[in-house]
Amino acid sequence: MHYWLMKSEPGTFSIDALARKGSEPWDGVRNYQARNFMRDGMRVGDGVLFYHSNCAVPGVAGLAEVASAAYPDPSQFQPRNPHYDPDSPRDAPRWWLVDVRFVRKLDQIIALDTLKADARLGDFALTRRGNRLSVLPVSAAQWRIILSHEKDSA
DNA sequence: GCCAACGTTGGC
DNA sequence: GCCAACGTTGGC
């Protein structure tokens, strides 16, 4: 069992949107490191922190889980799709994704500010200076520490 | 293989 | 909307 954090802009796809849909293919990732985490690292049932980026209060908005093994991202082959990649060979797709299933929405966002201020998290890919990875690993310890902040507002 | 130009991410 | 950080592209 491994843990991950996946970023989404709530204006594009929020935790509420995932709650409505139940499960969603995490398409459009066009970064090799993020792709490798999905394709090579993720297993069905892994825990996912659903993170809202590029918004008023960036932070963890809910919990999800990996719902499928990795498979080729169909959007790379669709010419009208903004994520179309004409250089990706059909017989050796460049971009892969997993399905992500809704687990629950948090009562309150666990803000990026809160995570930055928590020294217990140690070296964390999310808060590393300049990090823009949209899919990143979270250790079991970090997962527990992050979710401990849920109680802050209760 | 170097590196400048360019596009994107994402916090602020 | 701004801009720093960073990945990618392409000329040489």
Side-chain angles (χ1 to χ4, degrees), chain A residues 2-21 24-42 46-66 70-139 142-143 145-150 152-153:
Chain A
H2 289 95
Y3 301 94
W4 310 93
L5 182 146
M6 300 174 87
K7 297 179 185 175
S8 183
E9 303 192 12
T12 304
F13 191 73
S14 66
I15 188 70
D16 292 320
L18 184 64
R20 282 193 299 274
K21 300 197 73 172
E24 179 77 359
W26 205 264
D27 66 357
V29 171
R30 295 294 180 268
N31 170 283
Y32 288 105
Q33 217 181 334
R35 179 216 50 194
N36 291 346
F37 287 135
M38 287 198 288
R39 188 187 61 184
D40 309 326
M42 290 188 180
D46 280 359
V48 173
L49 300 170
F50 192 107
Y51 180 92
H52 281 177
S53 67
N54 237 322
C55 55
V57 184
V60 176
L63 303 186
E65 65 183 8
V66 175
Y71 60 95
D73 181 344
S75 68
Q76 69 194 303
F77 300 123
Q78 298 161 356
R80 288 201 192 79
N81 192 293
H83 302 294
Y84 178 55
D85 182 353
D87 298 325
S88 177
R90 285 257 176 198
D91 56 356
R94 184 178 286 178
W95 305 114
W96 294 66
L97 55 68
V98 297
D99 292 343
V100 171
R101 182 188 302 124
F102 178 78
V103 173
R104 68 184 171 91
K105 182 181 177 178
L106 301 187
D107 291 334
Q108 191 168 322
I109 297 252
I110 300 171
L112 175 60
D113 281 349
T114 303
L115 302 180
K116 276 185 181 167
D118 190 340
R120 297 174 300 162
L121 289 172
D123 182 36
F124 186 25
L126 180 73
T127 50
R128 239 175 256 155
R129 184 170 150 280
N131 198 292
R132 300 177 306 158
L133 256 188
S134 65
V135 176
L136 52 99
V138 176
S139 73
Q142 288 167 338
W143 174 277
I145 291 163
I146 291 166
L147 290 181
S148 75
H149 287 287
E150 262 198 296
D152 293 354
S153 55

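Note that this is a predicted model, so its numbers are computed, not measured. Within every chain, numbering begins at 1; the chains are lettered A, B, ... in the order of the sequence lines, protein sequences first and strands thereafter. Note that these values count all heavy atoms, side chains included, but never hydrogens, waters or copies made by symmetry.
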Open item on the list: So which atom in A:Pro25 and which in A:Asp99 form the shortest heavy-atom distance, rounded to 0.1 Å?
Closed with: CA-OD1, 3.3 Å
TODO: May I have the distance from A:Tyr32 (atom OH) to B:dT8 (atom P), rounded to whole angstrom?
DONE: 16 Å
Open item on the list: Does the plane of the ring in A:His52 sit parallel, tilted or perpendicular to the ring in A:Phe50? Use 30° and 60° as the thresholds.
Closed with: perpendicular
- [ ] State, without any angle test, whether A:His149 and A:Asp118 hold a side-chain donor-acceptor pair at a distance under 3.5 Å.
- [x] yes
Task: Side chains of A:Arg30 and A:Ser75, donor plus acceptor under 3.5 Å - done: yes
Open item on the list: Tell me whether the side-chain N/O atoms of A:Tyr51 come closer than 4.0 Å to OP1 or OP2 in B:dT9.
Closed with: no
Task: Whole-Å distance separating the CG atom of A:Leu133 from the P atom of B:dT9 - done: 12 Å
Open item on the list: Without decimals, in angstroms, what is the distance between A:His83 NE2 and B:dT9 P?
Closed with: 8 Å
- [ ] Whole angstrom is fine here: how far is it from CG in A:Leu136 over to C1' in C:dC6?
- [x] 15 Å
- [ ] Rounded to the nearest angstrom, tell me the gap between atom CZ in A:Arg129 and atom P in C:dC3.
- [x] 18 Å
Task: Separation of B:dT8 C1' from A:Arg30 CZ (nearest whole Å) - done: 14 Å
Open item on the list: Side-chain N or O of A:Lys7 versus OP1/OP2 of B:dT9: is the shortest distance under 4.0 Å?
Closed with: no
Task: Side chain of A:Arg132 (C-beta onward), nearest among B:dT8, B:dG10, B:dC12 - done: B:dT8
TODO: With DNA chain C as reference, determine whether A:Asn54 or A:Arg94 sits nearer its 5' end, using the nearest nucleotide of each.
DONE: A:Asn54
Task: Protein-nucleotide distance (A:Leu126, atom CG; B:dT9, atom P), rounded to Å - done: 16 Å
Task: Euclidean distance, atom CG of residue A:Leu115 to atom P of B:dG11 [Å, nearest integer] - done: 11 Å
